[in-house]
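Count residues from 1 along the sequence. Computed over heavy atoms, backbone and side chain alike; hydrogens, waters and symmetry mates excluded. Bear in mind the structure is a predicted one, so any value in this text is a computation, not a measurement.
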Amino acid sequence: MKPHVELTVRPGTRPRGLEDAPYWEDIIRDKARAVEPTEPQLAAVLRRHRRAAWATHAYAPRGGGWSRDEIASGLDRIYRLVLQVNGDIPEALIRDIRLLPYVESAHAGRVAAAPMPEPRAAAMGAGIGQDSRDAIHLPEAQGHSTGDPGVVVAVLDTGVWLDHPEYADVVLPGRDVVDILDGAASFFGDFLDADDDPTDPVGHGTHVAGIIAARGLHMPVGVVPRCRILPVRVLGAMRQGERRVGAGLVDNINVGIKWAVDQGAQVINMSLGIRHTAGGLPHAEVIEYARRQGVTVVAAAGNDGREELYYPGALPYVIAVGAVDGEGSVAPYSTWGMQVSLVAPGTNIYSSYLEGGYAFSTGTSHATPFVSGAVAMLRSVARARGVALGDAQGKHVLKHTADKVGRAFKDRKAGFGQLNLLDAVRLLEHKLEQAPAHPRPRPRAHRQERTLN
């Protein structure tokens with residue numbers, strides 16, 4: 001994708017040439033649909049800076065028009081000005097766009113990068129790595145549920161190795177929103193042209209998916225092997241010196257989040273995080289949309305071992321996950337702070353890898369899917385009893401059943417404690433027994449189910 005400026009207009013304003021603009025992916029596929037902004041002030045700013053641009057919507061509405069939740073989250077007011085010719089975007093151009101009376105905010109599209117753990121390939125063996133699953137009492141919890149096909153976990157990552165035998169039968173058709181032109185020479189694998197092929201070229205997302213839903217053929221069984229996986233490729237891969245780095249356009253990661261919500265995901269796993277450098281908080285509007293749709297977002301806390309904020313994990317309503325080592329102590333690499341919600345095993349985790357293989361990997365990236373799987377298991381347990389478990393309700397159960405690491409209710413490094421999946425399931429089942437039997441309205445799918453008080 002050519003460089004772009006993303007701008008948000010103020011509520012109640014309808015700048016000419018923006019309101020009826022096409023969705024940005026549509027003009028990539030068909031340039032005949034492209035239109036230039038005709039609002040006089042914006043057109044004058046672009047001419048002054050000698051930049052020709054197409055006007056597009058940053059998001060596509062879920063249905064024929066913008067829904068109440070999309071409007072409440074401000075997604076209908078966000079636009080992209082896509083340069084017609086590849087080139088730089090001067091800071092002065094951004095400044096002048098921000099000064100327009102109807103503009104609430106504006107920023108240049110940027111590529112965010114973060115180091116990715118290097119998986120260590122290993123021979124297959126079902127008993128390898130079982131300690132990490134035992135640490136959260138997974139085998140006992142699976143005596144209550146192994147998931148439900150009606151519960152969908154979206155994996156927003158480097159993609160997924162789609163035909164891996166561990167989970168190929170539960171993978172849904174996915175999406176690839178990676179489309180990076182800036183710095184393309186540093187990337188390897190697929191980094192251009194958003195499409196419907198979320199195949200993983202580097203293994204990070206594949207490792208995550210196995211932790212969630214592996215059948216247990218040649219590795220420990222996943223947390224919820226009967227749940228569905230929705231693969232959404234939001235990160236490309238590049239080399240920075242000796243390091244392998246995951247990188248993606250922040251604005252396209254947002255598009256991936258919304259797409260996953262609109263496809264019916266109840267849980268979104270984001271084993272990634274970016275630092276806040278300027279402008280509004282990363283992902284804030286689209287995470288608000290996910291919250292309004294009742295979707296639970298689970299994200300990695302980070303791997304720098306410092307008190308630091310990485311997004312989306314640092315946003316309200318997101319479960320930020322830190323990592324523990326093999327001894328159950330908070331790992332020295334695990335980023336910490338009051339944004340951390342829970343910790344889970346993240347050191348030397350054995351899971352699926354590229355080309356049907358297996359590997360060990362370490363990081364909060366690999367602790368995160370244990371918690372995403374836990375949320376999916378709780379939703380599955382409730383669904384089996386005709387109850388639609390809400391986002392806040394699932395978080396309440398996890399928070400009050402985590403194993404504490406000290407006397408404080410919430411620890412700055414471990415959050416509410418280490419995930420205890422068996423206790424979580426038991427508490428939920430107790431609450432379900434106390435829940436009223438009369439039906440209540442439920443947004444999204446499964447309206448026939450009742451909610452848990």
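The pair D196-R175 meets the salt-bridge criterion, since a charged nitrogen lies less than 4.0 angstrom from a carboxylate oxygen. Look at D411 and K413 and you find no salt bridge, because none of the NZ, NE, NH1 or NH2 atoms lies under 4.0 Å from a carboxylate O. Salt bridge status for R292 with E70: absent, with no side-chain N to carboxylate O gap under 4.0 Å. At a threshold of 4.0 Å, the pair R215-E166 does not count as salt-bridged, since none of the basic side-chain nitrogens sits closer than that to a carboxylate oxygen. Ion pairing of E25 with R80 is absent here, as no side-chain N (NZ or NE/NH1/NH2) approaches a carboxylate O to less than 4.0 Å. Between R426 and E429 no salt bridge is recorded (no basic side-chain N to carboxylate O distance below 4.0 Å).
Using modelled atom types, one side-chain atom of Q393 and one backbone atom of G390 make a donor-acceptor pair closer than 3.5 Å. Looking at Q266, its side chain never comes within 3.5 Å of a backbone N or O of V295 through a donor-acceptor pair. Side chain of K410 to main chain of M338: a donor-acceptor pair is present (N/O by atom type, distance under 3.5 Å, no hydrogens or angles). In this structure, the side chain of R226 engages the main chain of G147 through a donor-acceptor pair within 3.5 Å. Proximity of a side-chain donor or acceptor of D134 to a complementary backbone N or O of H137 within less than 3.5 Å is not detected. When atom types are taken as modelled, the side chain of S352 and the backbone of T206 share a donor-acceptor pair closer than 3.5 angstrom. When atom types are taken as modelled, the side chain of D200 and the backbone of V160 share no donor-acceptor pair closer than 3.5 angstrom. Looking at T158, its side chain never comes within 3.5 Å of a backbone N or O of V202 through a donor-acceptor pair. Proximity of a side-chain donor or acceptor of T364 to a complementary backbone N or O of G302 within less than 3.5 Å is detected. Checked by atom type and distance alone, the side chain of T335 pairs as donor or acceptor with a backbone atom of N303 at under 3.5 Å.
Using modelled atom types, one finds no donor on one side chain facing an acceptor on the other under 3.5 Å when comparing S73 with R291. Looking only at atom types and distance, the side chain of R412 has no donor-acceptor partner in the side chain of Q339 under 3.5 Å away. With 3.5 Å as the limit, one finds a donor-acceptor pair spanning the side chains of T199 and D197. Under the 3.5 Å distance criterion, with hydrogens and angles disregarded, no donor-acceptor pair is assigned to the side chains of S271 and H204. Checked by atom type, the side-chain pair H366/S361 shows a donor-acceptor distance below 3.5 Å. For the residue pair D163 and W161, a side-chain donor N or O sits within less than 3.5 Å of a side-chain acceptor on the partner. Neither side chain, T401 nor D423, offers a donor N or O lying under 3.5 Å from an acceptor on the other. Inspection of the H57 and D76 side chains reveals no N or O donor paired with an N or O acceptor under 3.5 Å.
When R383, R379, R228 are each tested for a side chain to side chain donor-acceptor pair (under 3.5 Å) with D148, only one passes: R383.
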For I274 and Y310, run side-chain contact (heavy atoms from CB on, under 4.5 Å): C-alpha distance rounded to whole Å, both residues' side-chain angles, the deciding distance at 0.1 Å, then the answer. CA-CA 5 Å; I274 61 173; Y310 287 89; 5.7 Å; no
Taking it one step at a time, do Y289 and D262 satisfy side-chain hydrogen bond (donor to acceptor under 3.5 Å, both in side chains)? CA-CA 10 Å; Y289 174 64; D262 290 345; 2.5 Å; yes
Evaluate R62 against Q293 for side-chain hydrogen bond (donor to acceptor under 3.5 Å, both in side chains), listing each step before the verdict. CA-CA 12 Å; R62 182 179 184 183; Q293 291 286 294; 2.9 Å; yes
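Residue Q434 qualifies as enclosed at atom CD: its count of foreign heavy atoms under 6.0 Å is above 12. The local environment of OH in Y317 is sparse, with at most 12 non-hydrogen atoms from other residues, nucleotides or ligands closer than 6.0 Å.
Rounding to the nearest 0.5 angstrom, the gap separating the CG atom in L422 from the CG atom in L138 is 10.0 Å.
Side chains of Y23 and T56 form no contact here, defined as non-hydrogen atoms less than 4.5 Å apart. Looking at V324 and T347, their side chains never come closer than 4.5 Å, going by heavy atoms from C-beta outward.
Heavy atoms only, all atoms of each residue included: L272 and L156 are closest at CD2-O, 3.5 Å. The two residues L81 and L7 make their nearest non-hydrogen contact at CD1-CD2, 3.6 Å. When all heavy atoms are compared, the tightest approach of V340 to A301 is CG2-CB, 4.2 Å. For the pair A135 and Q418, the tightest heavy-atom approach, listed with the atom from each and the gap, is O-NE2, 3.2 Å. Of all the heavy atoms in V152 and L230, the pair that sits closest is CG1-CB, 3.8 Å. A pairwise comparison of heavy atoms in V170 and P225 identifies CG1-O, 3.6 Å as the closest pair.
Using bins of under 30°, 30° to 60° and over 60° for the plane-to-plane angle, the ring pair Y167/H164 lands in the parallel bin. Below 30°, between 30° and 60°, or above 60°: for Y311 and H276 the angle between ring planes is above 60°, a perpendicular geometry.
Between H207 and Y358, the ring centre distance reaches or exceeds 6.0 Å. For F416 and F409, the ring centers are positioned less than 6.0 Å apart.
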